[in-house]
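We use all heavy atoms of the structure for the numbers below, so side chains are in, but hydrogens, waters and symmetry mates are not. Numbers restart at 1 for each chain; the letters A, B, ... are given by sequence-line order, proteins then strands.
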2 protein chains.
Amino acid sequence: MHAGNARTVLQPSTPRRGAALAGVRGHPRHVLDAFDRRILDIYRADTRLAAEAIGEAVGLSATAVQRRLKRMRECGVIQAEVALVSPAALGLGTTCIVGVDLEREGPEALDRFRARMARCSQVVQCYYVTGASDFVLIVQVEDMDAFVDFTREWLTPDDNVLAFTTQVVMDRAAAG
Amino acid sequence: MHAGNARTVLQPSTPRRGAALAGVRGHPRHVLDAFDRRILDIYRADTRLAAEAIGEAVGLSATAVQRRLKRMRECGVIQAEVALVSPAALGLGTTCIVGVDLEREGPEALDRFRARMARCSQVVQCYYVTGASDFVLIVQVEDMDAFVDFTREWLTPDDNVLAFTTQVVMDRAAAG
DNA sequence: AGTGAAACTTTGGCACT
DNA sequence: AGTGCCAAAGTTTCACT
């Protein structure tokens, strides 16, 4: 559904996610050694673990672990430390995966659409992709009525949205 | 997972129950009040914030914030505290969104497929959905060669996988 | 829910390989 | 480069009010 306007130009006003992708910015990237990887393996899944416990597992002192964590935060290897909150607990019982097909696919049009989605609280993830659609959105809402409201507010009125397809999530397994 | 134990226990201010995601398990029973929500809003995005800073923002003592966080952890409202690690830093430069169509769609077949995907380290997210495909996977790999390896190891050999479609992620806008 | 003491964790200085 | 040890600073946890 779309030709090869290859070079992505989606790195505009938003945060510094690009830093990690490019690997360069501010602080230089050290190569991760085996210790770093093992620390990340453990820490990634549970940030409440004390450095001493991690150190014990990987064979390093707590201080060394802390130093490495700090460096990885500064380099952008660790992008954020967040809490995963049950959507259901917040009353967001419905998740949909939406494939969006745009009419025009020039850099500015893509950029504009992405920026719109970034402002939209229901959109939890937004991927710009090759293949059947141009964008894939993960949308989290209260219920199907709220989803319809979402499409009527953010997709249907957009002149550049040619079509979209919806898949309703019935269950979800593990995440990273 | 079984969609059987539906019936969300945590009822938010807006009473509506959608399809319950695999969500709240354990020992729940407590409604989130306005304080809880404001704490979550802040804490969700950055778990390194001290309880005192959060308390200042919401008008509670550090201890009260800690107590509420602890309770929300125990109730399953806070499911995990994790670190977001740059995929690129780990050498995982390629993300694909894969729609999988199964041949048989009985409960055991679905469960079996989901269990397989849960064991597969490349699969970062796995959604069971209605619509064009049966499952949607978010797959993270080193490069396209590694993706082909993934499909040859996990999808193609599976008798029950009728077909799959791949979308390669060119850019991603993070959660709002 | 708040206060304050005890327990724990992270942070920074210093010596060392 | 990097680490480990130890003490100071900061955070969480657990009495009790």
How would you summarise protein contacts on nucleotides 11-17 of chain C per nucleotide, using B for base, S for sugar-phosphate only and - for none, with heavy-atom distances below 4.0 Å? BB-----
Before you tell me yes or no, could you show the steps for B/Val136 and B/Val98 under side-chain contact (heavy atoms from CB on, under 4.5 Å), namely the whole-Å CA-CA distance, both residues' side-chain angles and the distance that decides it to 0.1 Å? CA-CA 6 Å; B/Val136 173; B/Val98 184; over 6 Å; no
Can you tell me which nucleotide in [options] comes closest to the side chain of [X]?
X       : options               : result
B/Ala50 : C/dG2, D/dT12, C/dT10 : D/dT12
B/Ala64 : C/dT10, D/dT3, C/dA1  : C/dA1
A/Arg71 : D/dG2, C/dG2, D/dG4   : D/dG2

Can you measure [X] atom [atom1] to [N] atom [atom2] for me and round it to whole angstrom units?
X       : N      : atom1 : atom2 : answer
A/Ile39 : D/dT3  : CD1   : P     : 8 Å
B/Glu52 : D/dT13 : CD    : C1'   : 15 Å
A/Leu69 : C/dT9  : CG    : P     : 15 Å
B/Ile54 : D/dT11 : CD1   : C1'   : 12 Å
A/Glu56 : D/dG4  : CD    : P     : 13 Å
A/Leu49 : C/dT9  : CG    : P     : 10 Å
B/Arg68 : D/dT12 : CZ    : P     : 16 Å
A/Leu32 : D/dG2  : CG    : C1'   : 16 Å

Set out, in order, the CA-CA distance, both residues' side-chain angles and the distance that settles salt bridge (charged side-chain N to carboxylate O under 4.0 Å, His left out) for B/Asp149 and B/Arg152, then state yes or no. CA-CA 5 Å; B/Asp149 291 346; B/Arg152 292 217 174 121; 5.3 Å; no
So, [X] and [Y], do they make that salt bridge, N to O below 4.0 Å?
X        : Y        : result
B/Asp41  : B/Arg38  : no
B/Asp171 : A/Arg114 : no
B/Asp33  : B/Arg68  : yes

Would you please test A/Tyr127 and A/Phe135 for ring pair (Phe, Tyr, Trp, His ring centres under 6.0 Å) and show each step? CA-CA 5 Å; A/Tyr127 298 95; A/Phe135 280 90; over 10 Å; no
B/Leu102 backbone acceptor or donor facing B/Asp134 side chain under 3.5 Å: yes
5'-to-3' dot-bracket of DNA chain C (Watson-Crick, G-U; under 3.5 angstrom; crossing pairs as [ ]; | other strand): ||||||||||||||||.
Syn or anti: how is D/dA1 classified when any glycosidic angle within 90° of 0 counts as syn?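 Nucleotide D/dA1 adopts syn.
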In terms of side-chain heavy atoms, does A/Gln167 have a donor or acceptor partner in B/Ser133 at a distance below 3.5 Å? yes
Can you tell me if A/Glu56 has over 12 outside heavy atoms packed within less than 6.0 Å of its CD? no
